[in-house]
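One-based numbering, in listed order, for ligands and for the atoms of each.
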Amino acid sequence: MALIVQKYGGSSVGTVERIERVAEKVSQWVRNGNELVVVLSAMMGETDRLLGLAREIVPRMGGRELDVLLSTGEQVSIALLCMALEKRACPAISFTGGQVRILTDSSYNKARILDIDGIRIRRNLAADRVVVVAGFQGVDERGNITTLGRGGSDTTAVALATALDADECQIYTDVDGVYTTDPRIEPEARRLSRITFEEMLEMASLGSKVLQIRAVELAGKYNVPLRVLSSFEEGEGTLISFEEEDVEKALISGIAYTRDEAQLTVAGVPDRPGVAYHILGPISEANIEVDMIVQNVGADGKTTDFTFTVHRNDFSRGLEILKSNSTILRAREVGGDRKIAKISLVGVGMRSHAGIASKMFRILSEEGINIRMISTSEIKISVVIEEKYLELGVRALHDAFDLGQTSAAAREAEDARS
Ligand code: ASP
Ligand code: MG
């Protein structure tokens with residue numbers, strides 16, 4: 001018998017009919033002899049609807065009353081699921097975050113979970129009930145309702161799985177797993193059967209929005225195996241764990257990309273100690289986050305060019321700051337480009353294989369794609385290119401690194417023969 005925590009997102013409980021389908025699935029898991037804790041999101045669109053109501057009254061509404069309001073969405077879906085389970089003769093009981101004491105700090109709208117008292121949940125599991133818990137919410141020490149930030153139900157599920165020492169935490173969503181890259185760009189993209197926490201964090205922070213990043217971090221910290229699966233189709237989904245052995249033999253696991261960044265450049269600055277500090281100091285004072293940085297010294301050895309990337313929303317402000325400083329910096333030129341994209345290869349296989357970066361650069365050059373910036377970590381190589389080459393670059397790399405369905409099938413066939 002296994003203890004499983006399952007989380008169903010807003011689209012999975014988007015209508016009464018879909019809630020009935022979730023009940024069908026859950027009762028099947030119970031019939032197969034498992035103990036189930038189910039965490040739900042609000043019905044699709046509900047949190048946005050509630051937020052809209054609040055903002056009709058106060059445009060920038062936040063704070064305590066917003067959490068009292070937003071937490072109602074999940075209360076609706078948990079009650080409906082329990083009704084649907086009872087109808088199937090599957091005993092179930094629903095709890096709000098406060099009722100099972102999901103204790104958080106008091107930062108309304110973005111609270112952090114401090115502790116979970118699993119006693120009430122365990123008692124109900126022992127009485128053969130499915131325990132259905134409202135995601136995304138908790139209470140602070142004084143009993144005030146709090147919420148965990150958008151997408152927070154993923155975090156609730158992982159936190160419960162940790163507190164209850166569950167065998168697996170399953171996140172049901174509208175995609176059937178984590179893919180080698182975005183299937184909208186590369187139709188050959190393939191679902192990964194396994195991926196490590198580290199890789200998932202890189203993929204998630206680079207814009208593969210399958211899971212809330214905080215939930216992945218939490219699962220990694222407490223070593224809770226996480227599985228992403230579709231609530232609409234059968235399948236094994238993608239298992240996220242520490243295991244590296246079974247992670248497919250491929251050198252890289254996936255290709256992530258983002259169009260969220262923009263490039264800023266300060267050219268021809270006299271090269272002396274403090275250049276980086278004088279350029280980036282005012283940027284960070286303005287609370288603008290910098291991602292990649294490249295500095296190179298000009299051929300004369302006297303001036304330097306300094307290029308970095310920021311979020312696209314910060315581009316104009318960043319450019320203004322640089323322009324207002326350009327006289328002090330004695331820069332020859334200040335400029336930038338909004339139309340860039342970042343492509344990253346991600347894979348723990350990189351640790352043990354040299355030559356991946358040079359292969360990446362060769363593939364891009366064969367496509368005539370110019371690389372503007374490069375950054376690497378142990379399990380990731382990122383390049384910045386012109387945005388118009390994004391699709392071409394992703395497809396060429398996906399193909400060259402054999403990530404597609406066809407090459408995976410070929411590899412399997414070969415393994416079977418040998
Ligand atoms: N209902 C909340 C939201 O829409 C939490 C969640 O779905 O995870 O952000
Ligand atoms: Mg979600």
Side-chain angles (χ1 to χ4, degrees), residues 5-16 18-19 21-22 26 37-55 60-82 94-100 102 104-105 107-113 116 131-140 145-163 169-175 178 200 204-205 207-219 224 226-232 237 240:
V5 174
Q6 296 187 337
K7 179 256 170 177
Y8 293 89
S11 59
S12 310
V13 295
T15 62
V16 167
R18 287 183 177 184
I19 290 177
R21 252 201 278 172
V22 170
V26 170
V37 173
V38 180
V39 175
L40 296 187
S41 286
M43 294 169 78
M44 187 166 55
E46 180 62 8
T47 309
D48 286 330
R49 188 186 71 87
L50 294 167
L51 203 55
L53 293 178
R55 297 205 162 143
R60 287 177 170 275
M61 187 65 204
R64 184 182 187 280
E65 300 312 324
L66 186 65
D67 282 354
V68 173
L69 178 72
L70 294 187
S71 63
T72 61
E74 273 71 10
Q75 195 170 330
V76 171
S77 50
I78 57 171
L80 291 174
L81 179 63
C82 282
S94 67
F95 290 115
T96 63
Q99 287 174 320
V100 283
I102 297 184
T104 70
D105 61 20
S107 327
Y108 297 117
N109 319 150
K110 50 172 193 309
R112 293 202 155 248
I113 297 177
I116 295 181
V131 176
V132 183
V133 181
F136 170 62
Q137 56 180 263
V139 281
D140 73 2
I145 296 173
T146 55
T147 65
L148 309 179
R150 299 307 303 269
S153 301
D154 291 352
T155 301
T156 305
V158 172
L160 279 171
T162 306
C169 181
Q170 303 177 339
I171 308 283
Y172 286 86
T173 175
D174 46 13
V175 294
V178 180
M200 187 61 214
S205 62
S208 311
K209 297 183 187 72
V210 198
L211 280 173
Q212 206 200 23
I213 291 185
R214 243 171 86 195
V216 182
E217 281 169 354
L218 198 63
V224 180
L226 252 188
R227 194 182 288 277
V228 178
L229 340 89
S230 160
S231 43
F232 305 109
I240 308 158

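- Comment: Glu217 does not engage Arg214 in a salt bridge, judged by the lack of any side-chain N to carboxylate O separation of less than 4.0 angstrom.
- Below 3.5 Å of separation, one finds no N or O of Phe136 facing any N or O of ligand 1.
- Near Ser41, the atoms of ligand 1 lying under 4.0 angstrom from a non-hydrogen atom of the residue are 6 (C), 7 (O), 8 (O).
- Judged by distance alone, the side chains of Asp67 and Thr146 never bring a donor and an acceptor atom under 3.5 Å apart.
- Each of the atoms 3 (C), 4 (O), 9 (O) of ligand 1 lies under 4.0 Å from some heavy atom of Arg150.
- Within the model, atoms CG of Leu80 and CG of Leu40 stand 9.5 Å from one another, a figure rounded to the nearest 0.5 Å.
- For Ser94, the side-chain hydrogen bond (donor to acceptor under 3.5 Å, both in side chains) criterion is met by no residue, not counting sequence neighbours.
- Of all atoms in ligand 1, numbered sequentially from 1 with element shown, those under 4.0 Å from a heavy atom of Gly151 are 3 (C), 5 (C), 6 (C), 8 (O), 9 (O).
- Contact of the Thr147 side chain with the Thr104 side chain is not registered, since no non-hydrogen atoms from C-beta on lie closer than 4.5 Å.
- Residue Ser153 approaches ligand 1 through these ligand atoms, each under 4.0 Å from one of its heavy atoms: 5 (C), 6 (C), 7 (O), 8 (O).
- Annotation: Lys7 places no N or O atom under 3.5 Å from an N or O atom of ligand 1; distance criterion only.
- Using 4.0 Å as the threshold, Gly135 has no heavy atom nearer than that to any atom of ligand 1.
- Residue Asp154 has no nitrogen or oxygen atom sitting less than 3.5 Å from a nitrogen or oxygen atom of ligand 1, judged on distance alone.
- The shortest separation from a heavy atom of Glu74 to ligand 1 is under 4.0 Å, placing the residue in contact.
- Residues Arg55 and Asp48 are not paired through a salt bridge, judged by the lack of any N-O separation under 4.0 Å between the basic side chain and the carboxylate.
- Within the structure, the closest approach of Gly10 to ligand 1 does not fall below 4.0 Å when heavy atoms are considered.
- A 4.5 Å side-chain heavy-atom check between Val100 and Ile116 finds every atom pair outside the cut-off.
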